[in-house]
Amino acid sequence: MTSKFYITTPIYYVNASAHIGHSYTTIAADTLARYNRNLLGKDKVRFLTGTDEHGQKIQRAAEKEGLSPQQFTDKIVPTFKNLWAKLDISYDDFIRTTEERHIRAVQRVLEILHAKNEIYAAQYEGWYCIPCETFWTEMQLVENACPDCKRPVEKIQESNYFFKISAYQDWLIDYLKSHLDFIRPASRHEEVCRFLELNKLTDLCISRPQERLGWGIPFSFSPEHVTYVWFDALINYISAVGSFDDKGRYVSEWWGDDVKVVHLIGKDILRQHAVYWPIILKALGIRMPDTVFAHGWWMLGEDKMSKSRGNVVSPLEMVDKFGVDVYRYFLLRDVPFGLDGNFSEDALIKRFNSDLANDLGNLVYRTLTMIEKYYQGNVPQGEFKAADAQAEAIGVKIAHLGHRLASNLGAGDYNFSLALESIWELINMANKYVEDSKPWNLSKEGKTEELRNFILVLVGVIRKVSAAIAPFMPQAAVSIKEQIGQNEIKKGNPLFPRIEIKKV
RNA sequence: CGCGGGGUAGAGCAGCCUGGUAGCUCAUUAGGCUCAUAACCUAAAGGUCGGCAGUUCAAAUCUGCCCCCCGCAACCA
């Protein structure tokens with residue numbers, strides 16, 4: 001019985017500013033959060049995002065700027081929050097891994113696992129590159145040198161803590177096979193299963209010596225060790241919404257059996273979420289999330305987009321140029337959730353002109369004009385009436401839209417693209433209905449009854465559409481409502497004025 | 001023989017699991033209409049479904065082989 005919905009994004013690593021990928025996951029999560037709030041009620045939905053702030057990369061980035069790690073992350077975090085504000089992200093909570101609530105939870109988790117003998121101390125041996133301060137495996141070395149800086153590496157040993165994930169391999173395989181909705185889309189489920197069947201898990205090293213890495217959460221029972229960033233980071237999903245009691249039981253109103261727990265992630269961090277995370281939870285005796293959904297990447301032309309290549313699309317720039325709703329719409333509409341996509345301004349403009357300007361914007365605008373012209377700006381009295389076959393078909397479409405959206409946004413695969421398509425089917429029917437009804441003739445011929453029914457059908461469609469697009473495009477939904485929500489319409493400028501492509 | 005994803009109209013994709021006249025969006029062309037943002041509606045053109053072979057009455061769809069493209073160290077959605 002799930003009556004509540006808890007959705008998360010990954011916590012973003014703050015060693016650089018946010019790019020299109022961060023915004024993609026977050027916009028998708030926001031859309032689902034908004035959708036479910038409408039369905040279940042505002043207080044039945046919890047939407048968490050946040051930042052991952054520990055680790056070597058942060059430490060080094062801070063040093064480069066002559067700041068302490070905390071000062072550095074304090075400086076970066078607002079840039080994320082500002083972006084989310086600009087993208088209309090309605091998160092309920094924003095967790096930072098440097099917050100007290102999180103640090104306490106991580107330490108408790110370590111204590112509990114330690115007490116249960118799930119973690120143990122051992123020598124860690126590996127090839128270490130001193131300038132890069134990084135361990136490499138034998139496999140990663142390039143001609144016996146550091147793959148990053150090409151300098152020679154040294155074999156060193158240090159004492160660390162390990163988490164017994166190898167003991168859970170069989171359990172995990174069984175779990176995945178009996179819970180096909182756990183890892184989505186299905187292709188990722190298979191990828192993980194295949195990986196687990198072909199490889200033997202080795203216990204996960206979850207600590208770093210304090211002297212080598214100062215910036216992390218210290219082990220309470222071994223202060224000379226700090227927590228490895230991934231172990232630290234994953235815990236955020238539970239540290240944000242609950243806590244452990246004296247007996248080590250996790251207590252949370254957002255992680256019970258009545259809650260549907262969904263993690264949205266990018267395909268790059270599938271391993272951590274599909275392997276480490278369930279095992280951590282299992283070892284703690286905490287229930288599994290319902291779904292981990294790994295979406296694809298946005299490519300830029302031929303290249304993969306990444307921080308290190310510097311070929312990132314700035315979400316802020318796109319929003320300033322085209323508007324939030326347009327950006328949100330494009331990301332969710334252009335590519336099926338789960339697959340990789342190609343980002344280009346040309347593609348965005350194409351979408352904009354054909355879907356938003358020509359189909360939706362124009363439908364609203366032409367309807368408003370007709371209400372102005374034929375009814376002096378007042379929506380005629382009366383109800384939606386299926387006076388002819390087309391109106392009837394539209395009525396059926398309106399009635400079924402909720403189910404269509406539910407099947408695309410509610411279960412298993414989050415197919416935003418199809419959900420939007422189903423809304424656009426209705427928009428297109430309405431545009432065609434205008435053509436076929438020829439209201440200008442109805443007006444001339446004095447067929448007032450027909451004209452009124454016709455207008456009411458359009459108004460019905462527009463109101464339905466504005467409600468349906470609200471999770472995707474909150475602002476557009478509001479402005480449609482402002483223009484045509486009342487009996488007296490308020491026609492403004494076109495919602496989405498066409499962008500003429502006069503390329504530089 | 002490493003793993004995975006992919007190769008379908010000019011572009012981007014669906015269809016493939018559960019074989020049976022090859023579909024969608026955009027772009028193009030022609031027509032219609034005027035309420036509308038050169039928009040909307042209708043129609044047309046455009047594909048030997050990467051190649052070869054096999055199974056079959058029938059293959060984009062199943063099987064085998066081959067070719068080409070993209071990922072598979074780390075950071076990163």
Side-chain angles (χ1 to χ4, degrees), chain A residues 9-10 12-13 15-16 18-29 52 55-58 60-61 132 134-137 139-142 146-148 186-188 190-191 194-195 198-199 229 264-270 293-299 302-309 312 331 333-336 339-342 344 346-347 349-351 353-374 417-418 421 424 427-428 430-443 451 454-455 458 493-501:
Chain A
T9 71
Y12 303 114
Y13 208 57
N15 63 339
H19 59 66
I20 184 174
H22 299 110
S23 69
Y24 185 42
T25 321
T26 309
I27 287 169
D52 185 8
Q56 208 156 47
K57 296 267 179 229
I58 303 279
R60 247 180 270 153
C132 293
T134 307
F135 271 104
W136 302 102
T137 65
M139 294 291 290
Q140 292 170 329
L141 297 181
V142 178
C146 171
D148 248 13
S187 56
R188 299 291 165 205
E190 273 154 44
E191 190 180 316
R194 170 81 56 130
F195 167 77
L198 262 45
N199 298 279
V229 281
L264 253 41
I265 61 169
K267 66 179 184 180
D268 49 299
I269 51 174
L270 180 62
F293 192 104
H295 65 244
W297 272 333
W298 283 96
M299 317 289 267
E302 295 302 299
D303 288 327
K304 173 178 160 184
M305 199 172 310
S306 76
K307 288 178 186 175
S308 49
R309 293 194 199 184
V312 293
L331 293 183
R333 173 64 184 83
D334 209 52
V335 169
L339 300 182
D340 289 352
N342 249 299
S344 74
D346 282 355
I349 290 171
K350 238 181 216 173
R351 275 284 168 211
N353 280 340
S354 73
D355 298 358
L356 296 180
N358 296 353
D359 295 344
L360 173 57
N362 188 45
L363 174 66
V364 173
Y365 196 72
R366 72 201 300 203
T367 303
L368 289 170
T369 305
M370 285 187 272
I371 293 173
E372 264 184 348
K373 189 159 177 172
Y374 304 137
S417 188
L418 279 182
E421 261 184 60
W424 255 254
I427 293 171
N428 292 334
N431 272 325
K432 184 165 163 46
Y433 188 51
V434 177
E435 222 54 49
D436 295 344
S437 302
K438 301 188 177 21
W440 46 95
N441 287 343
L442 296 180
S443 169
L451 187 61
F454 162 78
I455 290 289
L458 293 191
N493 292 324
L495 278 173
F496 302 106
R498 270 182 78 85
I499 298 169
E500 293 313 323
I501 312 161

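In the text below, chain A, chain B and the rest are named by the order of the sequence lines, each starting its count at 1.
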Under 3.5 Å: donor-acceptor pair, side chain of Thr369(A), backbone of Tyr365(A): yes
N or O in side chain of Lys373(A) less than 4.0 angstrom from C35(B) OP1/OP2: yes
Length of the line joining Arg333(A):CZ and C26(B):C1', which is rounded to integer Å: 11 Å
Counterpart base for A22(B), defined by Watson-Crick or G-U wobble contacts under 3.5 Å: none
Separation of C41(B) P from Leu458(A) CG (nearest whole Å): 13 Å
Assigned partner base of A30(B), Watson-Crick or wobble definition, under 3.5 Å: U42(B)
Sugar-phosphate only, base, or nothing, as touched by Asp334(A) at under 4.0 Å among non-hydrogen atoms: nothing
Residue whose nearest RNA chain B nucleotide is more 5′ - Asn441(A) or Glu421(A): Glu421(A)
Atom-to-atom span, CG of Asn431(A) to P of A36(B) - whole angstrom: 14 Å
Donor-acceptor contact present, side-chain Asn428(A) to main-chain Asp359(A), <3.5 Å: no
A39(B) base / Asn362(A) side chain donor-acceptor hit below 3.5 Å: no
Nucleotide A36(B), atom P - distance to CG of Asn353(A) in whole Å: 19 Å
Tyr13(A)-C75(B) aromatic stacking (under 5.5 Å, under 30°): no
Pro494(A), nearest nucleotide to its side chain (from C33(B), A77(B), U37(B)): U37(B)
Separation of C33(B) P from Tyr433(A) OH (nearest whole Å): 21 Å
Separation between the P atoms of G47(B) and C66(B), rounded to whole Å: 31 Å
Heavy-atom closest pair, residues Tyr24(A) and Gly296(A): CE2-O, 4.0 Å
Short side-chain N/O contact to C40(B) OP1/OP2 from Asn358(A), under 4.0 Å: yes
Touch class at under 4.0 angstrom, heavy-atom based, for Leu264(A) against every strand present: nothing
